[in-house]
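Notes for the one structure printed next.
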Amino acid sequence: MTSEQIMNTGSVSGDCGSAQARARTHVQAYVQTQARQNGSSKDGSATNGPARNDSAKGGPSGRKHGLQRCHAMLRPVSLRALLPWLMSIIGIASALCLVIAWFPSTVWNTPIVSSDAPAHYYFIRRLLDEGLGAALHLWPHDSFYPPLFHICAYLVIKIAVLFGVQCSIYAAFNITWIIASGVIFPAGMLVLCRYFLQRWNRGNPISNPISRISQALSTSESSSVSESSNISNQQVPSAGNRQYDAASDATFVLQNLIGLFVPVLAVSSVCHPYGLLNAGPLIAFGFAMSLLPFLIAATLRLFDAIAAREHIAKWLAITAVAGVVCLVAHPRIAFTYALILVPFIVLRLPWKLILGAFIAMCVGAVAFVALMLTSFKSDRWANPDSWFHSHQPSKNLWESISFCLTDGLDGFPAILFALLLIAGTAAAFVCASRRAAARASDSFSSAASTVVPVASADVDVDASTSDIAVSAADSPVSVSCPPPASHSNATDAASASSESSRLRRNDRLRDVIALTAAFLLVALVYVCTVTLVGALPNIISAPWYRDENRIMTMLPLVALPLLVIGINALAECVSACAASASFAPSASSFSTKNSASSVPSLSSASAVSSVKNASFASNWIVLIAVFLVIAILAVSAQIVCPSRSAARDTIIAHSSLNQSDPNEQLTEQKIAVLRKVTKRTGTQATIISDPLNGSMYAETLFNANMLYPIINARTDVPSAPFGKVETAFASGDAQQVLGTVCPLTDAPEYFLTMGDQAQSLQSFPYRAQYDSFHNEELIDAYVDGGTLVKVADYSQYGQGWALYRFGCAD
C-alpha cells in the first residue's frame, strides 16, 4: 500500500467497521470536492482540451475516472482493516499453543488429585445424571455453587456425543480449562489493552509532533502571504505528506504488534491461569478470572458512553450481560472487579454516580459480611487478628513487591518486564502531563485567535474525525474560519465543541493515574496476603480467603495494560525528541533564508520536509526497537519459566498413581480397590467413606454412588445427609446410626475403609470431623454389634482396608 493511498483513505484504526465507514465518508467527500472544483473551473477548462471539458462537466469519462479512483481508495482500507484481526488471531492462536504445550498430559486419563478437584468432577457428573436443571443446586445438600465452568464441560461432552465421540469427565474438564485459559483469557486481555491503546493514540500521537512543527513553520510563513507562497504550498507538500503518512503507518504497525504480543504475554506468567489449576484446583474462580477482562472493558466503555452522553443504553446492557456471566462463573469475582475499577470510578464518573457506586459497594460489603456471619459459625469474628490463624507468610517484603513488578515472571524476562513497566509508566506520566499543559496553552492561543487551530498532539479527537485532523495538520497552510451561518448556529457549535473538549480532556493522564492506582491496590492486597500478618492484613485480604493464588491472578489485569501504554509512551517520547532535534536546525535555516526577503519561497516546505524525513526514520527505528524488545520479552518468557514448569511438575505429581505413601489420595492400590468395590456394590447402592482417603474419586472413575464425594460437608443445613451420618457414626449409638443411614435410599448402604487420611490434605481445616470414619475401635464395636457386616476384605492392599454393609432390613 502506497503513502498516497493511505493519505486518500485517511488514518484507519484497528476497528474494521469504523475503518470501512470512514472510507466511504472520504470517498463521498472526494467526489463532492471534485464536483465543486470541476464546476468552479468550467470557464478556464476550455483551453485544456475536450477530455478535460468532459470530465469537468461530469461526462462519462469523468464519472468513470471517479469510480475507478473510489474503488482504488477502498482496497487499501480493507487491507488495513483486516490487519488488526489477522494479528489478533495469530496472537491468540500462539497463546493457545503455549497453553496446550504446557498442559500436563497425565491428567487426560486420571484425575488431578487435590483438595477441590473431586468436587468439580462430581458437579460435572451430577449435571450428566440430572441434566442442566441441577445447575442451580450442584452441592450434594442442594445449595448453589457457581456452575458455569461445569455447564461448559457438560456441553463439551454432549457435543462430542453428537459426533459419535465418548468424552470422559476428565477430558471435558481439561478441554474447558484449555479453552478458557488459552482462548478466552488472552482474547479478553487483548480487548482490554486495545481499549487503553486506542484512547492513548487518539490523533496518532506518535506522528503528531510533525503536525505541530508543520503548524509552527506555516505560522511563521503566513505573516507575509503572497501568490508565490500559495503556489509553494500547493505544489511541494506531496512528498512530505507521503513521509508523514508513512510515520502514521508506524503508529498503526505498533498498535498491531501490541495486538500480536499481548495474548502471548497474558499466558506467560504463572499468575494466571497456571497457578489456579495447581491450587485446588480453583476452577470456578479461574474461569471467572478469564472472563473478567471483558467485563472491565465493557464497564470502561460504559464510562465513555456516560461521559459522551450517547450509546449509554447499549453499553449498559453489554456490561450487565457480562456481569451476570462473570457472577455465574464465580460471585467472588465481584471483589476483584470492584478493586480494579475503583480508581476509574473516581476519576471518570460524575460525582453523583461516584456516590452511587460507593453506596452499592457498601451495600454489597454489608451483605457479604452478613452471609459470612450466618453461613460460617465462629467465635473469632470479633477478633480479626485471629482470622486465618493457620496462615503463614510465604515471601518477605522485597520478594512480594518484586513479584508484583515482574508479573510473576522469572529471571531475565522478569527484569525486562519490570524495567519496561517502570520506565513506561514514567514516560506515560510525562507524555500525559505535557499533553495537559499543551492543551491549556492551545486553549489560550485559540481564544485569542480568529484562525481555526490545526489538530495537534494535544487535542483529543474521535476516531471518526482523526483522519481529517491529521490531513489538516499536515498541510502548512492555515485554515481560515468559514463565515458563520447564524449567531445561534455558531453558539451551538461552540457549546458542543466546548462540551466535547470538557468530556475528553486529560484522558491520557486520567488513564495513567487510574491504571497506576489499580496496580498499587492489587500490589497492596498481594503484599498483605503473602507477607504481612495482623488484623489489618486479614481484613484487606479476607474477600479472597487470604489466598495467594486468588490474588496473584489480578496482576496481569493491571500490569499488562500499564505496560502497553508505557511502551507506547516510550515510543512517542523517542519520536518526539527526534522530531524536535530535527526541527531546530530546519527552523533556523528557514528563518535565515527568509530574513532578507519579504517574498516567501520554497524554503518552508523544505524545512518541513527535512523534519518529516527525520521523523519518518525515527518512527520506524522506534518501531523496530519496540518490536525487538517485545519479541525478546515474549520469547524469553517461554524459555525461562521455572515457576510455570514447577506448577506443571506439581500437577503431574498429583496425577501420578505411583505414590510412596500408601495412604495418599489415589494410588494404584486404591484404584484397584475402588474398581472392585464398585463391581460388587453396583452403581445404585450408597457407599459411605472418609472423603479424605481418596474414596470420593470412585464417583467419576467408576460411576459409583458415593455419599458426598466432596471434602467440605456442611452440617448446618437441613438437607445435609452426610453431616447427619457423620454425627451419628461418631456417636457410637448403633440405633442412631441405622436410623440415619438406612432411610437414605432404597438400595443397600455400604461403608468403606481405606486407611488414614492423606498427608496432602492435612492442611484442610475441617479434617477432624471425619476422624470417626477411620477409628478402628469404633468400627470394630459396630461390627461386633451387627451394625456393620464385613462383605469384602482388602487387607492385601492396605492394613484394615475392607468393605462393610450396614445392617439395614432391606
Side-chain angles (χ1 to χ4, degrees), residues 115-116 143-146 271 275-276 279-280 282 284-286 288-289 292 327 330-343 345-346 355 357-401 403-404 517-555 557-558 711-717 761-769:
S115 56
D116 292 339
S143 61
F144 176 80
Y145 186 86
C271 294
L276 294 186
L282 301 176
F285 188 85
M289 283 301 304
L292 186 58
L327 290 177
H330 201 290
R332 197 171 289 271
I333 205 67
F335 296 105
T336 301
Y337 172 72
L339 180 70
I340 293 176
L341 278 183
V342 161
I345 292 174
V346 173
L355 180 62
F358 277 96
I359 290 176
M361 290 182 184
C362 292
V363 171
V366 171
F368 173 71
V369 171
L371 176 65
M372 297 298 293
L373 291 175
T374 55
S375 299
F376 299 92
K377 306 299 182 181
S378 175
D379 56 357
R380 298 194 301 269
W381 286 118
N383 184 18
D385 191 61
S386 65
W387 299 355
F388 312 106
H389 56 280
S390 61
H391 175 79
Q392 296 295 327
S394 59
K395 291 182 176 74
N396 60 38
L397 183 60
W398 165 246
E399 289 173 341
S400 59
I401 293 176
F403 187 89
C404 295
F519 178 84
L520 294 177
L521 287 175
V522 171
L524 173 65
V525 177
Y526 183 81
V527 171
C528 288
T529 301
V530 302
T531 300
L532 305 180
V533 294
L536 184 60
N538 285 343
I539 294 174
I540 292 176
S541 59
W544 296 273
Y545 289 127
R546 199 170 171 83
D547 179 44
E548 177 181 358
N549 299 287
R550 286 183 173 91
I551 295 172
M552 64 194 294
T553 58
M554 296 188 284
L555 284 172
L557 296 177
V558 290
I711 292 177
N712 190 13
R714 289 175 57 186
T715 60
D716 58 342
V717 291
L761 297 176
Q762 289 304 301
S763 61
F764 180 63
Y766 304 105
R767 64 181 184 276
Q769 67 187 15

State which residues pass salt bridge (charged side-chain N to carboxylate O under 4.0 Å, His left out) with Asp547; sequence neighbours excluded, sorted by chain then number. Arg550
Sub-4.5 Å side-chain heavy-atom contact between [X] and [Y]:
{"X": "Pro393", "Y": "Val533", "answer": "yes"}
{"X": "Phe403", "Y": "Leu555", "answer": "yes"}
{"X": "Ser115", "Y": "Leu761", "answer": "yes"}
{"X": "Thr531", "Y": "Trp398", "answer": "no"}
{"X": "Trp381", "Y": "Val369", "answer": "no"}
{"X": "Glu548", "Y": "Lys395", "answer": "yes"}

Quick one: [atom1] on [X] to [atom2] on [Y], what's the gap to the nearest 0.5 Å?
{"X": "Ile539", "Y": "Asp385", "atom1": "CD1", "atom2": "CG", "answer": "9.5 Å"}
{"X": "Thr529", "Y": "Trp544", "atom1": "OG1", "atom2": "CH2", "answer": "8.0 Å"}
{"X": "Thr553", "Y": "Leu292", "atom1": "OG1", "atom2": "CG", "answer": "8.5 Å"}
{"X": "Ile551", "Y": "Tyr526", "atom1": "CD1", "atom2": "OH", "answer": "9.0 Å"}
{"X": "Ser400", "Y": "Met552", "atom1": "OG", "atom2": "CE", "answer": "12.5 Å"}
{"X": "Cys404", "Y": "Glu399", "atom1": "SG", "atom2": "CD", "answer": "12.0 Å"}

Go through the steps to decide whether Val366 and Met361 satisfy the test side-chain contact (heavy atoms from CB on, under 4.5 Å), and finish with yes or no. CA-CA 9 Å; Val366 171; Met361 290 182 184; over 6 Å; no
Should His391 and Asn538 be marked as a side-chain contact (heavy atoms from CB on, under 4.5 Å) after you check the CA-CA gap, both sets of side-chain angles, and the distance that decides it? CA-CA 10 Å; His391 175 79; Asn538 285 343; 5.9 Å; no
For the residue pair [X] and [Y], what are the closest heavy atoms and their distance?
{"X": "Ile401", "Y": "Val527", "value": "CG1-CG2, 4.3 Å"}
{"X": "Leu276", "Y": "Gly286", "value": "CD1-CA, 3.3 Å"}
{"X": "Gly275", "Y": "Asn549", "value": "O-OD1, 4.1 Å"}

Report the residues that fulfil side chain to side chain donor-acceptor pair (under 3.5 Å) with Arg332, sequence neighbours left out, ordered by chain and then residue number. Tyr545
So, the side chain of Trp387 versus the backbone of Ala542: is there a donor-acceptor pair under 3.5 Å, distance only? no
Considering the options Ile340, Ile333, Leu341, which one meets the side-chain contact (heavy atoms from CB on, under 4.5 Å) requirement together with Tyr337? Leu341
